[in-house]
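None of these values were measured; they are calculated from a predicted model.
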Amino acid sequence: MKAMRQNDRWRWLTAGAVAVCLLAFTLLIGLLAWQGMRAFWPQPVDQYLFQPPEGSAVMVLGETLHKQPQGEQWRYVVKTGNRDFAAPDFRVLYSQGAAKTRRPADAMVLQRRSGGNAYGWLIELREDNEVLTARDRDALLQQRLVQVHEQLRQASHIRRVQMARLNAQLESLQQQADEQRQRGTFTLQDQSEFDANSVALQRRFSALAQQLTHLQHESERDTLVLRDVQGQDHIIPLAQVVDAWYPNAMSFGQKLQHFFSQIWQFVSDSPTSGGGESGAFPAIFGTVLMVLLMSIIVMPLGVVAAVWLHEYAGRNALTRLVRIAVVNLAGVPSIVYGVFGLGFFVWLIGGTIDQLFFSRALPNPTYGTPGLLWAALTLALLTLPVVIVATEEGLSRIPDNLRQGSLALGATQAETLWRVVLPLAVPAMLTGLILAVARAAGETAPLMLVGVVKMAPELPVDAVFPYLHLDRKFMHLGFQIYDLAFQSPNIDADRPLVYATALLLVVIILSLNLLAMALRHRLRERYRLMTH
């Protein structure tokens, strides 16, 4: 009875610990979602008339973040926007008594590509400084916004795909000609072919440049006039406007539709391709791609090392030393791995590769500078101990009678390892992969030294051969969180985006882990009968 009571006690203690962990994780997700999703919900716009304790009355238009009485005064925190012509866009104001307020239904919010939101009233639409008239001016505005966005999309495609391909072809053609000149085989016929091909490519490039200039000119023709709360008119090009809405006149269904539209825009837009300031797609793409490359590198290395330690290495001092080194490597601070990656991978290996294969580009480095490949290798080295330990634990749980039965039937040790032992150890390998992904996806400090940047001009993957460019720098969600939280000049505006980006990073890590766990469960069920 005493043993049963003790077992019950331990069961309740274990269940309580699990419940506390689940509650903490749920509260974390709830906090990130509540604080982050507010940035995408259309907040009402208030028009205030403040009577400060000293001075004349002040009129303000914006979103109310906080208000509270302080004795006879009231303290208001209002997001007034209009950063480019009425900075700052967050104001703390005091009023003698409660401020007079109203919510005008025709107050407009403009989400811009730079400068933050703009608040005011739409006065008119213009095309080449000529006023556009329409029965439904708001519908005309949305129509023109769609048209301008399509023009910007076409311009981005020309610049990033078609012109990039022509540049790559010109560089390849020039490289072939230089190699022939160095070998002394560059004949007059080769020169004429080179000139003809160069002229043809340059002609196509000039045609694309003219088309790009035309699209840019067309996108800049339309403007709108926005009147602020002080009565001043401001001309804003529609090419700078991402979206426009009237929050005080929207129904709940319209707000809900706008909410999901803003979330999709946050996830899919890129600041470098004409999206808003807060587009997270390059950071999402860089994070997932880096984790996938890291997994491809670390899994074979970790599995081979674990197999050697458990299946081939004897129980001697060398094996014990290797195991101690693996365990100690798991406790090394991540920034140390970043310094090692910068010195060994970037400067030593990358610099050597540049001298051997990319000497024409020197002194501008190709691989001798931080990039995606070196970041993946650094994180693979960082997570290698986790994969080794998890795989070796899985190998140790496989009964020896399975190995002995396979050998007794005439199989070699290599065949036993390949056909019996490794399939049964796959769930343990995937456990190591889950732990490696969870750690690598959230690392930021080492990446700041070996490849991550605040703003990458191009994605590591594009339409130009070889399509995957391992030498390019990339963006990462962890670094974006750090940059928004500590390096932003307008932290009040970016604070909700910090929570939203953190939630996005947690969701990505959770999704990758759930995918690996589902695969592990399937394989575990598949090979369960072999162990009984």
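A donor-acceptor pair is defined here as one N or O able to donate and one able to accept, closer than 3.5 Å; such a pair exists between the side chain of Gln142 and the backbone of Ala244. At distances below 3.5 Å, at least one donor-acceptor pair connects side-chain atoms of Arg472 with backbone N or O atoms of Leu459. The closest donor-acceptor contact from the side chain of Asp89 to the backbone of Gly116 lies at 3.5 Å or more, if one exists at all. Under a 3.5 Å cut-off, the side chain of Asn248 and the backbone N or O of Val45 do form a donor-acceptor pair. No donor-acceptor pair closer than 3.5 Å links the side chain of His476 to the backbone N or O of Met448. A distance-only check finds a donor-acceptor pair linking the side chain of Thr383 to the backbone of Leu379 [under 3.5 Å]. A donor-acceptor distance shorter than 3.5 angstrom exists from the side chain of Gln254 to the backbone of Ser251, with no hydrogens or angles considered. Side chain of His469 to main chain of Asp471: no donor-acceptor pair is present (N/O by atom type, distance under 3.5 Å, no hydrogens or angles).
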Test side chain to side chain contact (heavy atoms under 4.5 Å, CB included) on Met299 and Leu433 and set out the steps. CA-CA 7 Å; Met299 286 304 294; Leu433 177 62; 3.8 Å; yes

Worked verdict on Met108 versus Tyr119 for side chain to side chain contact (heavy atoms under 4.5 Å, CB included): CA-CA 6 Å; Met108 169 180 280; Tyr119 301 88; over 6 Å; no

Before you tell me yes or no, could you show the steps for Ser95 and Lys100 under side-chain hydrogen bond (donor to acceptor under 3.5 Å, both in side chains), namely the whole-Å CA-CA distance, both residues' side-chain angles and the distance that decides it to 0.1 Å? CA-CA 10 Å; Ser95 177; Lys100 297 180 180 179; over 6 Å; no

Would you please test Trp74 and Tyr94 for side chain to side chain contact (heavy atoms under 4.5 Å, CB included) and show each step? CA-CA 6 Å; Trp74 280 72; Tyr94 294 89; over 6 Å; no

Evaluate side chain to side chain contact (heavy atoms under 4.5 Å, CB included) for Ile123 paired with Asp233, printing each intermediate quantity in order. CA-CA 8 Å; Ile123 301 302; Asp233 293 344; 4.2 Å; yes

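Glu443 and Tyr337 share no side-chain donor-acceptor pair at under 3.5 Å. For the residue pair Arg102 and Gln47, a side-chain donor N or O sits within less than 3.5 Å of a side-chain acceptor on the partner. Side-chain contact annotation: Asp46 with Thr64, donor-acceptor N/O pair under 3.5 Å present. For the residue pair Gln262/Gln111, the side-chain donor-acceptor check at 3.5 Å is satisfied. Side-chain contact, Gln216 with Glu220: no donor N or O sits under 3.5 Å from an acceptor N or O.
Proximity of His217 to Leu215: side-chain heavy atoms (C-beta onward) are nowhere separated by under 4.5 Å. Put simply, the side chain of Leu293 reaches to within 4.5 Å of the side chain of Leu372, judged on heavy atoms. Using a 4.5 Å heavy-atom threshold, the side chains of Leu125 and Asp222 count as separate. Contact annotation: the side chain of Met475 never approaches that of Lys454 to less than 4.5 Å [non-hydrogen atoms, C-beta and beyond]. Side-chain contact between Ser511 and Val507 is present, with heavy atoms from C-beta onward closer than 4.5 Å. In this structure, the side chains of Thr501 and Leu484 come closer than 4.5 Å at one or more pairs of heavy atoms. Put simply, the side chain of Leu238 does not reach to within 4.5 Å of the side chain of His149, judged on heavy atoms. Side chains of Leu289 and Val461 form a contact here, defined as non-hydrogen atoms less than 4.5 Å apart.
The local environment of CH2 in Trp34 is sparse, with at most 12 non-hydrogen atoms from other residues, nucleotides or ligands closer than 6.0 Å. Around atom CG of Asp136, more than 12 heavy atoms belonging to other residues, nucleotides or ligands sit under 6.0 Å away. For Trp121, the CH2 atom counts as densely surrounded, since its 6.0 Å shell holds more than 12 non-hydrogen atoms of other residues, nucleotides or ligands. Environment of CD in Gln68: crowded, with over 12 heavy atoms of neighbouring residues, nucleotides or ligands closer than 6.0 Å.
The aromatic rings of Tyr482 and Phe486 sit tilted relative to each other, their planes meeting at an angle between 30° and 60°. Using cut-offs of 30° and 60° for the angle between ring planes, the Phe345 and Trp374 rings count as parallel.
Closest of all the heavy-atom pairs between Pro247 and Pro44 is CB-CA, 4.4 Å. Closest heavy-atom contact between Ile297 and Ala380: CG2-CB, 3.7 Å. Taking all atoms of both residues into account, the shortest heavy-atom contact from Ala239 to Leu152 is O-CD1, 3.8 Å. Residues Ile263 and Met37 come closest through the heavy atom pair CD1-SD, 3.8 Å. Of all heavy-atom pairs between Ala485 and Val498, the closest is N-CG2, 3.8 Å. Residues Leu49 and Ala99 share a closest heavy-atom pair of O-CB, 3.7 Å.
For Asp84, the salt bridge (Lys or Arg N to Asp or Glu O under 4.0 Å) partners at least two apart in sequence or on another chain are Arg112.
Here the straight-line distance linking atom CG of Asp138 with atom CG of Asp106 works out to 9.5 Å at 0.5 Å rounding. To the nearest 0.5 angstrom, Asp228 atom CG is 7.5 Å from Leu226 atom CG. Of the inter-residue distances, the one linking Lys79 atom NZ with Gln43 atom CD reads 9.0 Å to the nearest 0.5 angstrom. Interatomic distance, Leu348 CG to Phe340 CZ, rounded to the nearest 0.5 Å: 9.0 Å. To the nearest 0.5 angstrom, Thr287 atom OG1 is 3.5 Å from Leu477 atom CG. Here Ser261 contributes atom OG and Lys255 contributes atom NZ; the two are 15.5 Å apart, rounded to the nearest 0.5 Å.
Each of Leu224, Val242, Asn117 was evaluated against Leu110; a single residue qualifies, Leu224, per the side chain to side chain contact (heavy atoms under 4.5 Å, CB included) test. Under the side chain to side chain contact (heavy atoms under 4.5 Å, CB included) rule, Val298 has a single partner from Leu384, Val437, Val386, Leu377, which is Leu384.
Using a cutoff of 4.0 Å between basic side-chain nitrogens and carboxylate oxygens, Arg137 and Glu124 are not scored as salt-bridged.
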